[in-house]
Each structure stands twice: as structure tokens, then as C-alpha cells.
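Heavy-atom basis, side chains included; hydrogens, waters and symmetry copies ignored. The sequence lines fix the lettering, A, B, ..., with proteins before strands; numbering per chain opens at 1.
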Amino acid sequence: MKTLKKQEIREVIDELEKLYPNAECELNFTTPFELLVATILSAQCTDKRVNIVTEKLFKDYNTPEDFLKLKEGELELLIKSTGFYRNKSKSILGTSRILVDKYNSQVPDTREELMKLPGVGRKTANVVMSNAFGKEAIAVDTHVFRVSNRIGLANSSNVDKTEEDLMKNIPENEWSKAHHLLIFHGRRICKARNPQCELCPLRGVCFYYKKTV
DNA sequence: AACTCGGGGCA
DNA sequence: TGCCCAGAGTT
């Protein structure tokens, strides 16, 4: 596998934008803190189920102070259907504690500070920076990783280097947009199993398609 | 690099 | 019933 040429990369982004003109974050939130909580909950869970949980959860709890009123076990019950609920409950409460104690209950907007919060890795930090603070970032989840390496926007076996490849190959003012386009494509056509290559406009340049033909 | 956490939707 | 889902922490 190699990576595409610059002109091909331009065409890929344009094609994906035509295919998904409304690609955007599908998690429901009204504040950076709500997005941070929703993104922690979204690990190995569909965003639809996260939205079902947060729709009720955020009615009663939408600030770090609110969540600190809950015991770990109480929060576990509220978020149970998102899976990994023990880890997520610890992460949300630990993060809430730090925000109240050190950040005046505000969510920091730098990757370094976000990644110090329990349960916040590079992917979650990038999602928050991009969708809550308008900073350009490429959050590499399973979809972005798979699709970009199949097509040839990246050529790497780990997510950190995939992010480096993407930042190198994609203009900085399009990082956040590209992130959403790759997720939409991964969920609808370039699926992990049985990808719908016959529906994909990127067949002409895609390394994965060339390999499977 | 491999392992663990996990309930719910869907075939 | 088996497989999979907008990851992160530990060993």
C-alpha cells in the first residue's frame, strides 16, 4: 500500500464532499462539557445509543458539579446501555473532579490538557477541539483509520502515524471536515466487512479496490 | 503488542 | 447465538 498523489487526494476529498454534503458530528450536545461526556460514552458504542442516553442524562446533569453529585454506581446505571460503563463512569467523574478543581469547571481547549483527563485519549481530545472549539483536528477512530489506509490517504499500521499522514496529506483548513467525511464513508460504504465498492466513487484511485479486483 | 472492559442491536 | 459498535488504560 502506498499513498495517493497530491492531485488524487484533492479529488478524493472533493468526491467525498459531494457524496456527504452534510457530514458533521452526530452526537447531541450544547456545551463543550456535554460533548466531552458524550464522546467518552461513544467508545465502542453507536452514536445513536449515546444520544438516547444523553438525551435523558443531560436534563438532570450537564455540568461537572452536577455529575459530582453522583456516586460511581449511580452514574453506571444511567450510562449502562453504552457499554464499558464502569470505566466510563470513573472517567466522567474523574474528569469532572479535575475540571472543578483546576479549570474553574471549564473544558480546556488544548490537546495536552485534554489528554491529561482520565478517559480522554488523543481521539477524544481531537473530537472536542474540533467540534467544541472550532480547532482543526483529525480524530482517528476505527473508521478514519480503516478508510484512509484503504484509499491511500495514509499508509500506516497505527492510529498515531495515520493521523500524521493525514495531517501531511490534507490541507490544514480541511482537517475537521475530512475527519467527518471519512467517518461517513466508513459507516455507509467503506465498511469494515463487505464494503460496497460498487457504490464508491473512489474506485479509480483506491488501493484497496485495485487489490481486490 | 496484547489484553480488558460490555450492553444492546442485528443477522 | 455470534458478531460488531465515533477507545482508553494497564501490563
Q: Between B:dA11 and C:dA6, how far apart are the P atoms? Round to whole Å, please.
A: 15 Å

Q: Please list all pairs passing the ring pair (Phe, Tyr, Trp, His ring centres under 6.0 Å) test where one or both residues lie in residues 154-177 of chain A, with sequence neighbours left out.
A: none

Q. What residues form a side-chain hydrogen bond (donor to acceptor under 3.5 Å, both in side chains) with A:Asn169, not counting sequence neighbours?
A. none

Q) First and last nucleotide of DNA chain B touching chain A, 5' to 3', heavy-atom cut-off 4.0 Å? A) B:dC5 to B:dG9

Could you give the side-chain donor-acceptor pairs of residues 70-77 of chain A under 3.5 Å, partners two or more places apart or in another chain?
unit_1: A:Glu74; atom_1: OE1; unit_2: A:Lys71; atom_2: N; d: 2.8

In residues 23-30 of chain A, what donor-acceptor pairs under 3.5 Å come from side-chain atoms, sequence neighbours left out?
unit_1: A:Glu26; atom_1: OE1; unit_2: A:Arg187; atom_2: NH1; d: 3.3
unit_1: A:Thr30; atom_1: OG1; unit_2: A:Glu34; atom_2: OE1; d: 2.9
unit_1: A:Thr30; atom_1: OG1; unit_2: A:Glu34; atom_2: OE2; d: 3.4

Q: Using whole Å, report how far CD1 of A:Ile92 lies from P of C:dG7.
A: 15 Å

(Q) Please enumerate all residues that pass side-chain hydrogen bond (donor to acceptor under 3.5 Å, both in side chains) together with A:Glu198, with sequence neighbours excluded. (A) none

Q) Could you give the CG-to-C1' distance, from A:Asp160 to C:dA8, as a whole number of Å? A) 12 Å

Q. Under a 4.0 Å heavy-atom cut-off, which of residues 140-147 of chain A touch DNA chain C?
A. A:Asp141, A:Thr142, A:His143

**Q.** Sugar-phosphate, base or nothing in reach of A:Glu24, heavy atoms under 4.0 Å
**A.** base

**Q.** Verdict with supporting geometry, A:His185 and A:Arg188, side-chain hydrogen bond (donor to acceptor under 3.5 Å, both in side chains)
**A.** CA-CA 5 Å; A:His185 197 53; A:Arg188 288 162 178 72; over 6 Å; no

Q) Is any side-chain nitrogen or oxygen of A:Arg193 closer than 4.0 Å to OP1 or OP2 of C:dC4? A) yes

Q) Tell me, which of residues 164-191 of chain A have any heavy atom that sits under 4.0 Å from an atom in DNA chain B? A) none

Q.
Taking A:Glu113 first and then A:Lys102, would you say they form a salt bridge - that is, a charged N and a carboxylate O separated by under 4.0 Å?
A. no

Q) For A:His179, what residues pass the ring pair (Phe, Tyr, Trp, His ring centres under 6.0 Å) criterion, not counting sequence neighbours? A) none

Q: Would you check if there is a donor-acceptor pair between the side chains of A:Thr162 and A:Asn149 at a distance under 3.5 Å?
A: yes

Polar atoms only, N or O, under 3.5 Å: list the protein pairs with nucleotides 9-11 of chain C and their distances.
unit_1: C:dG9; atom_1: OP1; unit_2: A:Gly119; atom_2: N; d: 2.9

Q | Distance, P atom - from B:dG6 to C:dT10, rounded to whole angstrom | A | 14 Å

Q) Looking only at heavy atoms, what is the nearest atom pair of A:Asp165 and A:Ala154, with distance? A) CB-CB, 3.6 Å

Tell me which donor-acceptor pairs under 3.5 Å the side chains of residues 78-86 of chain A have, and how far apart each pair is, sequence neighbours excluded?
unit_1: A:Thr82; atom_1: OG1; unit_2: A:Ile79; atom_2: O; d: 2.8

**Q.** Rounded distance (Å) that lies between atom P of C:dG7 and atom NZ of A:Lys88
**A.** 9 Å

Q.
Tell me which residues in residues 37-47 of chain A lie within less than 4.0 Å of DNA chain B, going by non-hydrogen atoms.
A. A:Gln44

Q: To the nearest 0.5 angstrom, please state how far the OG atom of A:Ser96 sits from the CG atom of A:Asp66.
A: 9.0 Å

